[in-house]
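Right, one structure below, let's go through it.
Just so you know, ligand 1 is whichever comes first in the structure, and atom 1 is the first atom listed for that ligand.
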Amino acid sequence: MLSWKLESTYLALPELFYSFVNTDTVPAPEWAVFNTDLAQSLGLGDNPDADDLAILAGNKAPSGSRMYAQSYAGHQFGHFTKLGDGRAAVLGEVLDRQGQRHDLQLKGSGPTPYARSGDGKAVLGPMLREYLIGEYMHAVGLPSSRALSVVLTGETIRRDGFKPGAVLCRAAASHLRVGTFQYVAVFGGPEPLAALADYAIERHYPQLREETNPYLAFLDAVGESQTDLVARWMCLGFVHGVMNTDNVAISGQAIDFGPCAFLDAYRSDQVFSSIDQAGRYAWGNQAAIAGWNQARLAEALLPLLDKNPDTALALARESVERFNDSISNKLTTGFGRKLGWHRQRPGDETLIQQLLHWMEDSQADYSTSFVALSRAVAQLDPGYPLPPDSWLEAWRQRLREESASADPADPAALMAASNPPLHPRNRPVQAALDAAELGDWQPFQRLAGSLADPWNPSSALPELEPSDVAGQPVFRTYCGT
Ligand code: AMP
Ligand code: MG
């Protein structure tokens, strides 16, 4: 039996921020996955029983819990919409072993007052993808929500045919989004806006309480964590796929993994999601989009930044400019680390761009190209084609400058720590989800086991090695989540 000690600090906010909900009762709950490692770190214990299965299926509320859905809005592909959790219910908050607070939220637990025309349900494949991606992000050290469980419901749900229904339970530092601020700015007013900002500061950035302008400091702090996050996921070759403002968490965690995917052959304009036809959320656009999303947060916070609207606007603009400078700086630093140095120098940007152009022209596999360079530095067989000699010579020259500097990096160690040899390749992930849907869990278990140890090349499965990426059709992800 798990130990549910749930709190609900969020419910101290004004009522416009949530609606109490009842989850659907489902016919035949059955475990698909239970994340023992996460359950232990959340202090829930590791021994779920039938009551816990009922709770995680939405069939039973944990004692004392009043489940609620959160209201928010957001720009979806650039268009402002009133949203809210259409198919999610927060069970409550837990404090983990380090004293950090997490929301536990069921996803796919039935329609809420915010469901619009949606059925409130989720299906197995996309919930397993969310599970795998969150675990991988956690394993490589990227701040991310993580799934505690996926439970089969025994229902059959219409999605591009009929699919097995499932409910996911995820732990997130919170579900406060840029879209939560947009919602209250448009539909609430200055008082509930201030209440939300104070709550977010208290929960995520308590050190800012004493700042002379805590709301401006908050905007900057969210910017700091978002620039870290997006620069790091771009360096990993990750394409989130739906960087709408309702999918941007104030905490700085990655959340809402829908039609996301990792670069195979490198292309700056690579898109995987079938619904992103204009390429808004392409790999190489993500830094600019993160800046656009931050500008939406700044807009929502304007009334709090200064009493004088002109001053508020100037402060917001400066903050967004800092964001844009910071993310481009962090990308250059991130790529520098992938190439063996930890401090930027003039010329680095050119060297990085030349490498990426070579990858694009030769349709080289993104992550394997970096792993090959790490292996070359460590005097190992690269095992994959290297860039042309002219580039290699310039790169080695840059490494010599690094070793002559006052505080040189150890390129082999830095590159090994910046270029994980394993990642959830799109095709094997899809194959594992398809097999699980048919009741064959072995490919999913194998993948989950291997991806939990992404720095260890010996845990790689043959399907996680690059197949010949040149000439392969681009993998497509679909939004029928
Ligand atoms: P997402 O694209 O998953 O970030 O979801 C965008 C919005 O659509 C959120 O408000 C979700 O709660 C809502 N939504 C997504 N799928 C469903 C569904 N099947 N039923 C009800 N609401 C949904
Ligand atoms: Mg979402």
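In Lys121, the part holding a heavy atom less than 4.0 Å from any atom of ligand 1 is the backbone. For Asn247, every heavy-atom contact with ligand 1 shorter than 4.0 Å involves the side chain, none the backbone. Contacts of Asp256 with ligand 1, taken as heavy-atom pairs under 4.0 Å, involve the side chain alone.
For ligand 1 and Gly120, the ligand atoms under 4.0 Å from any heavy atom of the residue are 18 (C), 19 (N), 20 (N), 21 (C). Residue Gly118 approaches ligand 1 through these ligand atoms, each under 4.0 Å from one of its heavy atoms: 20 (N), 21 (C). Remark: ligand 1 atoms within the under-4.0 Å shell around heavy atoms of Arg116 are 7 (C), 8 (O), 10 (O), 13 (C). Per-residue contacts place Gln76 under 4.0 angstrom from the following atoms of ligand 1 (heavy atoms of the residue considered): 6 (C). Atoms of ligand 1 found under 4.0 Å from any heavy atom of Leu83 (numbered from 1 in listed order, with element): 10 (O).
Ligand 1 is approached by Asp85 to a heavy-atom distance shorter than 4.0 Å. Residue contacts with ligand 1: Arg159 is included, with a non-hydrogen atom under 4.0 Å away. Heavy atoms of Tyr114 stay at 4.0 angstrom or farther from ligand 1.
Within 6.0 Å of CG on Asp49 lie more than 12 heavy atoms contributed by other residues, nucleotides or ligands. For Asp434, the CG atom is densely surrounded, since the number of other residues' heavy atoms within 6.0 Å is greater than 12.
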Item to check | Residues Gln430, Arg129; criterion side-chain hydrogen bond (donor to acceptor under 3.5 Å, both in side chains); working and verdict | outcome: CA-CA 8 Å; Gln430 189 61 50; Arg129 176 180 279 111; 2.6 Å; yes

Checklist entry - After noting the C-alpha distance and the side-chain angles of His240 and Gln286, does the key distance pass the side-chain hydrogen bond (donor to acceptor under 3.5 Å, both in side chains) rule? => result CA-CA 8 Å; His240 181 284; Gln286 294 181 106; over 6 Å; no

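With Phe262 as the fixed residue, the ring-ring contact (aromatic ring centres under 6.0 Å, His included) test singles out one of Tyr136, Tyr366, Trp283, Phe475: Tyr136. The residue from Arg159, Arg158, Arg87 that alone fulfils the salt bridge (charged side-chain N to carboxylate O under 4.0 Å, His left out) condition with Asp119 is Arg159.
Backbone or side-chain N, O or S atoms of Asn244 do not reach the Mg ion (ligand 2) at under 2.8 Å. Not a single N, O or S atom of Asp246, from either the backbone or the side chain, sits less than 2.8 Å from the Mg ion (ligand 2).
Atoms CG and CD, from Leu447 and Glu463 in turn, are 6.0 Å apart once rounded to the nearest 0.5 Å.
The N, O or S atom of Asp256 lying closest to the Mg ion (ligand 2) is OD2.
Geometrically, ligand 1 and Asp119 share a nitrogen or oxygen pair separated by less than 3.5 Å.
Side chain to side chain, Asn244 and Tyr281 meet the donor-acceptor criterion of an N or O pair below 3.5 Å. Counted by atom type alone, His138 and Arg146 present one or more donor-acceptor pairs between their side chains at under 3.5 Å. Looking only at atom types and distance, the side chain of Tyr215 has a donor-acceptor partner in the side chain of Asp198 under 3.5 Å away.
Closest heavy-atom approach to atom 12 (O) of ligand 1 within the set Gly86, Pro111, Ala88: this belongs to Gly86.
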